[in-house]
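Proteins come first, then strands; the chains are lettered A, B, ... in the order of their sequence lines, and each starts at number 1.
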There are 2 protein chains.
Amino acid sequence: MNECDSYKQYLNQHGMKSTKQRNLLLLILKKIQEPQTAEKLYLIAKETDSSINLSTVYRVLEKFTEKKITIRTSFLDDKSVYSLYPKTHQHQLICLRCKKIVLLENCPLEAFQHSVEKSTDFSIVNHRLELYGYCRQCQKIIAAN
Amino acid sequence: MNECDSYKQYLNQHGMKSTKQRNLLLLILKKIQEPQTAEKLYLIAKETDSSINLSTVYRVLEKFTEKKITIRTSFLDDKSVYSLYPKTHQHQLICLRCKKIVLLENCPLEAFQHSVEKSTDFSIVNHRLELYGYCRQCQKIIAAN
DNA sequence: ATGCAAATGCAAACTATTTGCATTTAGAAT
DNA sequence: ATTCTAAATGCAAATAGTTTGCATTTGCAT
């Protein structure tokens, strides 16, 4: 039992076997604290475990997402990104130039959601909000050109 | 000049040639008034013009979107959907069971956007908001099972 | 320690979308 | 009206992110 087993108990509690691939990905996700693509996570994982396979990464992330350990988001016709399931309700602010993602803790939508439920007879269970723009550095770079 | 040329002037004004495929797709989009996948639009178009090709549909929709005649949205790891570019700022309410999409005219995000700009130093140019839930009929069906 | 279901690696499949290319067509120029 | 040229189309093949089938390995309950 090495450091990569550190999440054994946690994984077992969530009804999953503890494998070195899962432990590693969990470690990476906790370290990064930023939504990343499966590909990127795979490349980072490879530095530690060179035999890990991309489809394993996809399968692990799928399982994690099913167990609400991670959340999967896809936006802008781009690849999906994965991050640890937020403890508080969050949204993303995405830089259109450098693709950096900033997580936002506040959400102004509760009242709106209720009013929409009333006017449409839908039962709303979820929503998705993303803000797009340019971060400070990219604004400067764009202004300089 | 037949009925499918009806948008010739409109297309020319937008710097596009008037072709029977473009006229037809525009007609369909105006009739449907609901976001649809390229595939679905292709199938509908085929009923009128059996020789139309799926990649033409994609290319036409891409061109339309570039010219802001249509808007392309992708959500829920699903295919993209296209609809006429809304005259007023809109958002979508999507039924998770039947995939029906209801367009919402209201948007509560202006103030929030400003406050995020201030707190993050981003320049926000756009946002995306989708609400997910179950429509009246699907709620009933689900309750009955 | 043993057995078995679950997880993995690898290669191949899948699917929405895009692209290359030969042909056709719209619309400007003559 | 006819001619010309760039743009649009049809078709088939490529792409890219993601998923799947299958043989092998591994975690963990017994």
task = Report yes if the side chains of A:L41 and A:I32 come closer than 4.5 Å at any heavy-atom pair, otherwise no.
result = yes

query = Going through the distances and angles, do A:H91 and B:H127 end up as a ring pair (Phe, Tyr, Trp, His ring centres under 6.0 Å)?
reply = CA-CA 11 Å; A:H91 293 296; B:H127 64 249; over 10 Å; no

query = Would one find a side-chain N or O of B:S80 under 4.0 angstrom from OP1 or OP2 of C:dT17?
reply = yes

ask   = Around atom NE2 of B:H89, are there more than 12 heavy atoms of other residues, nucleotides or ligands at under 6.0 Å?
value = yes

query = For B:R59 and C:dT23, what is the distance between atoms CZ and P respectively, to the nearest whole Å?
reply = 16 Å

Nucleotide N/O of nucleotides 27-30 of chain D paired with protein N/O under 3.5 Å:
from   : atom 1 : to    : atom 2 : distance (Å)
D:dC28 : OP1    : A:N12 : OD1    : 2.7
D:dC28 : OP1    : A:S18 : N      : 2.8
D:dC28 : OP2    : A:K8  : NZ     : 2.9

A:E62 CD to D:dT20 P, straight-line distance once rounded to whole Å = 7 Å

Spacing of A:K79 atom NZ relative to D:dT18 atom C1', expressed in whole Å = 12 Å

key: Phosphate OP1/OP2 of C:dT25: any B:Q21 side-chain N/O under 4.0 Å   = no

remark   = Taken to the nearest whole Å, CG/A:L54 to P/C:dC14 is 19 Å

ask   = Rounded to whole angstrom units, what separation is found between the CG atom of A:L61 and the P atom of C:dA7?
value = 14 Å

note = B:N53 CG to C:dT25 P, in whole Å, measures 14 Å

request  = Just need the stems in DNA chain D: three or more back-to-back Watson-Crick or G-U pairs, each with both distances under 3.5 angstrom, sorted by first number.
outcome  = C:1-30 with D:1-30

request  = Please work out if A:E39 contacts a base, only the sugar-phosphate, or nothing of the nucleic acid, heavy-atom cut-off 4.0 Å.
outcome  = nothing

inquiry  = If you compare all heavy atoms of A:Q92 against all heavy atoms of A:T73, which two are closest, and at what distance to 0.1 Å?
reply    = NE2-OG1, 3.6 Å

remark   = The side-chain contact (heavy atoms from CB on, under 4.5 Å) partner of B:P35 among B:L84, B:V81, B:I94 is B:V81

key: Residue whose nearest DNA chain C nucleotide is more 5′ - A:I52 or B:Y82   = A:I52

task = May I have the distance from A:R22 (atom CZ) to C:dA6 (atom P), rounded to whole angstrom?
result = 11 Å

key: Parallel, tilted or perpendicular, as decided by the 30° and 60° cut-offs, for the rings of B:H14 and B:Y10   = tilted

ask   = Knowing that exactly one of B:K20, B:Q21, B:E47 qualifies, which makes a side-chain contact (heavy atoms from CB on, under 4.5 Å) with B:I52?
value = B:Q21

task = Take A:L96 and A:Y132, measure what side chain to side chain contact (heavy atoms under 4.5 Å, CB included) needs, and give me the verdict at the end.
result = CA-CA 6 Å; A:L96 291 167; A:Y132 300 102; 3.9 Å; yes

ask   = Does a side-chain N or O from A:Y58 land closer than 4.0 Å to OP1 or OP2 of D:dT18, or not?
value = yes

task = Give B:T37 one of three labels, base, sugar-phosphate or nothing, depending on what nucleic acid heavy atoms sit under 4.0 Å from its own.
result = nothing

query = Would you say the side chain of B:Y82 lies within less than 4.5 Å of the side chain of B:V57, judging by non-hydrogen atoms?
reply = no

task = Would you mind reading off the distance between A:E66 atom CD and D:dT19 atom P, rounded to a whole angstrom?
result = 13 Å

